[in-house]
Amino acid sequence: MKRINATVRGIGHHLPERIVPNEEFEKFLDTTDSWIKSRTGIESRRFAADGETTADLGSKAAINALADAELDPIDIDTIVLATSTPDNTFPATATKVQSAIGMRRGYAFDVQAVCAGFIFALVNANALIRAGEAKRVLVVGAETFSRILDMTDRRTCVLFGDGAGAVVLEANEAGEGRLERGILSTDIHSDGRFRELLYVDGGVSTTQTAGYLRMDGKEIFRHAVKKLNETAQLAIDKARLDAAAVDWIVPHQANYRIISATAKKLGIPEEQVVLTIKGHGNTSAASIPLALSEAKARGQIKVGEVILLMAIGGGLTWGSVVLRW
Ligand code: ACO
């Protein structure tokens, strides 16, 4: 029997218009542009306008990905949308995107794995395609983290931004051996013992409020470097490759120092790491598809190249995907 691979057919992103440079935080917080830049690599981020929602950003990214794929909404079977900042408690933000892009068939649902959300969404979409449940899946990462930031907490509010990215994954018959394209391997984990290292202090069933993001940055940093290295290595092994075969790392953009330490541990030169943190900040589940889309627009990623995606987020959740573009 022929093996089916999930290959990327199109990609797109959308960022809100409002650019928020580090200097804006200096006006109301005991912080500086140079502290933020040197500790995180962030210089500015985008914040959604009043009334602009996660579904609005996700829909625009989805439309851009469809245009890049030269497909119409009718060609899509499924939307898997990763977010921790949904428009409503229910229904799924994915169904709002489904309706906004004019998709009148198939099904749409959300995945919640915080900053690792896009990796978890890709793993779900890949499994649906491999199982024959869908031929084409729109995988979206969309967030409005600005809505859950405590603007009096300098340890967290300077780190995050809003945005969305999307890819169209498509079923294709697998090629021979190492040159097959699409998703080559996946690796995901969670460990709920660490849930209080990064969480939101509100929720429907607890406080009936949306709550604000709380984080133990130092501990997250420690887990991030270790766990990202482990999952990346596992995914590379599962793809039967070695780190030298990786052309690009497209990591979750949380902190330049985490990204740099992880690339070093893997022995992959920094010139092969896609970086967008400078202008995006941490956009949680949107950060990987945003970075992938920008990398493609910059001409960094070419057909046939091997890409390692990796992320860690609240839960804790973490994982990697190796794919051939
Ligand atoms: N401006 C100025 N000073 C600050 C700021 C700020 N924005 N934030 C914290 N500080 C201060 C602290 O209060 C502390 O001061 P103190 O010693 O007087 O108490 C000092 O800077 C050092 O604080 P640390 O937390 O030790 O700083 P650190 O070097 O660890 O950097 C950071 C903090 C950037 C949050 C880092 O720990 C980090 O990046 N952690 C990873 C967390 C992360 O990236 N989370 C994103 C979400 S999770 C994810 O996506 C994986």
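Reckoned from all heavy atoms, side chains included, excluding hydrogens, waters and symmetry mates. Counting starts at 1 for both ligands and their atoms, following the listed order.
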Checking contacts here: is it the side chain or the backbone of [X] that comes within 4.0 Å of ligand 1, counting heavy atoms only? Could be both or neither.
{"X": "Ile312", "result": "both"}
{"X": "Asn282", "result": "side chain"}
{"X": "Leu198", "result": "side chain"}

Starting from [atom], which protein heavy atom do you reach first, and at what distance in Å?
{"atom": "atom 26 (O) of ligand 1", "result": "Lys218 NZ, 2.6 Å"}
{"atom": "atom 12 (C) of ligand 1", "result": "Arg154 NH2, 3.8 Å"}
{"atom": "atom 23 (O) of ligand 1", "result": "Trp35 CZ2, 4.5 Å"}
{"atom": "atom 39 (O) of ligand 1", "result": "Asn255 ND2, 2.5 Å"}
{"atom": "atom 1 (N) of ligand 1", "result": "Thr31 OG1, 2.6 Å"}

Within the structure, does at least one protein heavy atom fall under 4.0 Å of [atom]?
{"atom": "atom 32 (C) of ligand 1", "result": "no"}
{"atom": "atom 18 (O) of ligand 1", "result": "no"}
{"atom": "atom 48 (S) of ligand 1", "result": "yes"}

Donor-acceptor pair between [X] and [Y] side chains, under 3.5 angstrom:
{"X": "Thr231", "Y": "Ser320", "value": "yes"}
{"X": "Asp162", "Y": "Ser146", "value": "yes"}
{"X": "His189", "Y": "Asp187", "value": "yes"}

Any Val20 side-chain heavy atom under 4.5 Å of Arg46 side chain: no

Quick check: do Ile183 and Thr186 have side-chain heavy atoms less than 4.5 Å from each other? yes

Should you measure from each heavy atom of [X], which atoms of ligand 1 turn up under 4.0 Å away?
{"X": "Cys115", "result": "49 (C), 50 (O)"}
{"X": "Arg155", "result": "8 (N), 9 (C)"}
{"X": "Val158", "result": "7 (N)"}

As a quick check of understanding, evaluate side-chain contact (heavy atoms from CB on, under 4.5 Å) for Phe221 and Arg257, giving each step before the final call. CA-CA 9 Å; Phe221 196 103; Arg257 292 184 297 139; 3.8 Å; yes

Would the distance check show the side chain of Thr7 and the main-chain N or O of Glu170 forming a donor-acceptor pair, the cut-off being under 3.5 Å? yes

Can you tell me how the ring of Phe25 sits relative to the ring of Phe47, calling it parallel under 30°, perpendicular over 60° and tilted otherwise? perpendicular

Winner among Ala224, Ser287, Gly217 once heavy atoms are compared against atom 37 (O) of ligand 1: Gly217

Between Arg39, Arg257, Gln253, His252, flag the one that comes closest to atom 50 (O) of ligand 1 by a heavy atom. His252

I would like to know whether Asn22 and Ser44 meet side-chain contact (heavy atoms from CB on, under 4.5 Å); could you show each step before the answer? CA-CA 6 Å; Asn22 289 345; Ser44 64; 5.7 Å; no

Close approach of Phe160 to ligand 1, heavy atoms, under 4.0 angstrom: yes

Identified side chain to side chain donor-acceptor pair (under 3.5 Å) counterpart of Ser287 within the set Gln253, His280, His252, Glu143: His252

